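Below is one structure, written out as structure tokens, with a few remarks after it.
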Amino acid sequence: MRHTLILALLLAVFWLLISGHYTLLMLSLGFASILLVISISNKMDSVDQAHQPVYLSLSLCRYHLWLAKKIIVANIMVVKHIWLGNQSITPSLARLIMGPKTDLGKVICATSITLTPGTVVVDVTGNVFTVHALLRENIQDLQTGEMDSLVSRLEC
Amino acid sequence: MLIAASVAILIVMGMAIIRAVVGPTLYDRILAVNMFGTKTVLLIALLGFVMGRPEFLDIAIVYALINFISVIAVLHFSDSIYFKHDTQDKKTVKKEE
Amino acid sequence: MDTVISVASLLCLLLGSFLCLSGGVGILRFPDFYTRMHAVGVTDTLASAMILMGLMLQGAEANVVIKLIIILLMTLFINPTASYALAKAAMYSGLKPLLNMQKSKRG
């Protein structure tokens, strides 16, 4: 029940932000569509903790800042290698064992790795991530386990 | 400047189309189409500002969602036979037809 | 103050266009599918962020800025998911990545 209420609240905020019209007709249409979405997602049995990761904690903010810095650095590096040409890249594939135990932690970890240009997660089985990287240094960078420990700290 | 950025994005979309036509494997084509879609979102947003009508952003949001669904929908069929052997063994596909 | 903001917006748009073009060159130039994915990653993350940030600084009202932020967040959430699905489908269908250097499996 609590999750349904949180979902309804999120949807209402979303509707109010997107539509710029606050007349009675628009608000009632929004109410109707929120009810529709909630009934559909109840029927699909998909309202639970995993679908509402509303953790507005301080460590998540710090993680996002760290990730943004990482993405900017990785972008500059990939663009440099695009203009340097094919001789300068060393594509490599590696299997890495990552720390996160829960599904949410794994999703955060895999998405962060894929979001950073230069590394793409190809497969996740258990705790083993298959990562394809543009340069061998990227894999070594992941192996130092900085992202690993940050995500593991987010989980608890 | 807005128009220059729109032209740059149009050029990139052209590059994506070239890759989608040339692309040796099917996955290259899907990748190029996905990139084309995300660039379309940016182009719609930019054109909204060029024409002074920011209402275009709603269309951009909807386009982002449709693009994601289309890529996932295409990949949903990646288990089927016709997808699997597109460069390696064309003979097996022909046989099953 | 106004000139500072408009110059910042111009710089963001310029940088975003350059990154977009780099990604476009990358998708044409790189040798195989998996490396091309990295080039697309550039255009999906920083290039989109820069262009949308340049639009946010164009002096629009709050409603428009919120919509731009939503588009940016959607791009950042959706694209890794699509890339992961694509890479996994390619790997499982037997498309081998090009490893022209020494093999570094089981790092």
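Numbered from 1 within each chain, the chains take letters A, B, ... in sequence-line order. All figures in this text were calculated on a predicted structure; none of them were measured in a lab.
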For [X], is it the side chain, the backbone, both, or neither that has a heavy atom closer than 4.5 Å to a heavy atom of chain B?
X       : answer
C:Leu21 : both
C:Asn79 : side chain
C:Leu13 : both

inquiry  = Counting C-beta onward and ignoring hydrogens, is there a side-chain heavy-atom pair between B:Leu2 and C:Gln58 closer than 4.5 Å?
reply    =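 Yes, at least one pair of side-chain atoms sits under 4.5 Å.
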request  = Verify side-chain contact (heavy atoms from CB on, under 4.5 Å) between C:Ile51 and B:Ile9, making sure each step is shown before the conclusion.
outcome  = CA-CA 10 Å; C:Ile51 286 181; B:Ile9 288 182; 3.6 Å; yes
task = Would you check, one step at a time, whether the test side-chain contact (heavy atoms from CB on, under 4.5 Å) holds for C:Ile78 with B:Leu65?
result = CA-CA 8 Å; C:Ile78 285 174; B:Leu65 292 172; 4.2 Å; yes
If you count heavy-atom pairs under 4.5 Å with chain B, which of [options] comes out on top?
options                            : result
C:Ile71, C:Val64, C:Leu55          : C:Leu55
C:Gly54, C:Ala82, C:Ala90          : C:Ala90
C:Asp32, C:Thr75, C:Leu28, C:Val40 : C:Leu28
C:Ser17, C:Ser9, C:Gly23, C:Gly16  : C:Ser17

inquiry  = Sub-4.5 Å heavy-atom contacts with chain C: which residues of residues 43-53 of chain B show up?
reply    =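 Listed by number: B:Ala45, B:Leu46, B:Phe49.
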Taking every non-hydrogen atom, the tightest pair across [X] and [Y]:
X       : Y       : answer
C:Ile27 : B:Ala32 : CD1-CA, 4.4 Å
C:Val25 : B:Met15 : N-SD, 3.7 Å
B:Tyr27 : C:Phe33 : O-CE1, 3.4 Å
C:Cys20 : B:Val12 : O-CG2, 3.4 Å
B:Pro24 : C:Arg36 : CD-NH1, 4.2 Å

Can you say whether [X] sits under 4.5 Å from chain C via the side chain, the backbone, both, or neither, judging by heavy atoms?
X       : value
B:Leu57 : both
B:Asn34 : side chain
B:Ile72 : side chain

message = As a quick check of understanding, evaluate side-chain contact (heavy atoms from CB on, under 4.5 Å) for B:Met1 and C:Leu11, giving each step before the final call.
response = CA-CA 9 Å; B:Met1 194 55 221; C:Leu11 276 180; over 6 Å; no
request  = Find the one option among B:Val71, B:Ile18, B:Asn67, B:Ile61 whose heavy-atom pairs under 4.5 Å with chain C are most numerous.
outcome  =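 Answer, by heavy-atom pair count under 4.5 Å with chain C: B:Ile61.
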request  = For the pair B:Leu42 and C:Ser48, evaluate side-chain contact (heavy atoms from CB on, under 4.5 Å) and give the outcome as yes or no after the intermediate values.
outcome  = CA-CA 7 Å; B:Leu42 286 184; C:Ser48 303; 3.8 Å; yes
task = Would you indicate whether C:Leu73, at its atom CG, is surrounded by more than 12 heavy atoms from other residues, nucleotides or ligands within a distance under 6.0 Å?
result =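 Above 12, so yes.
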query = Partners of B:Arg19 by salt bridge (charged side-chain N to carboxylate O under 4.0 Å, His left out), sequence neighbours excluded?
reply =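 Once residues adjacent in sequence are excluded, B:Arg19 has no partner under the salt bridge (charged side-chain N to carboxylate O under 4.0 Å, His left out) criterion.
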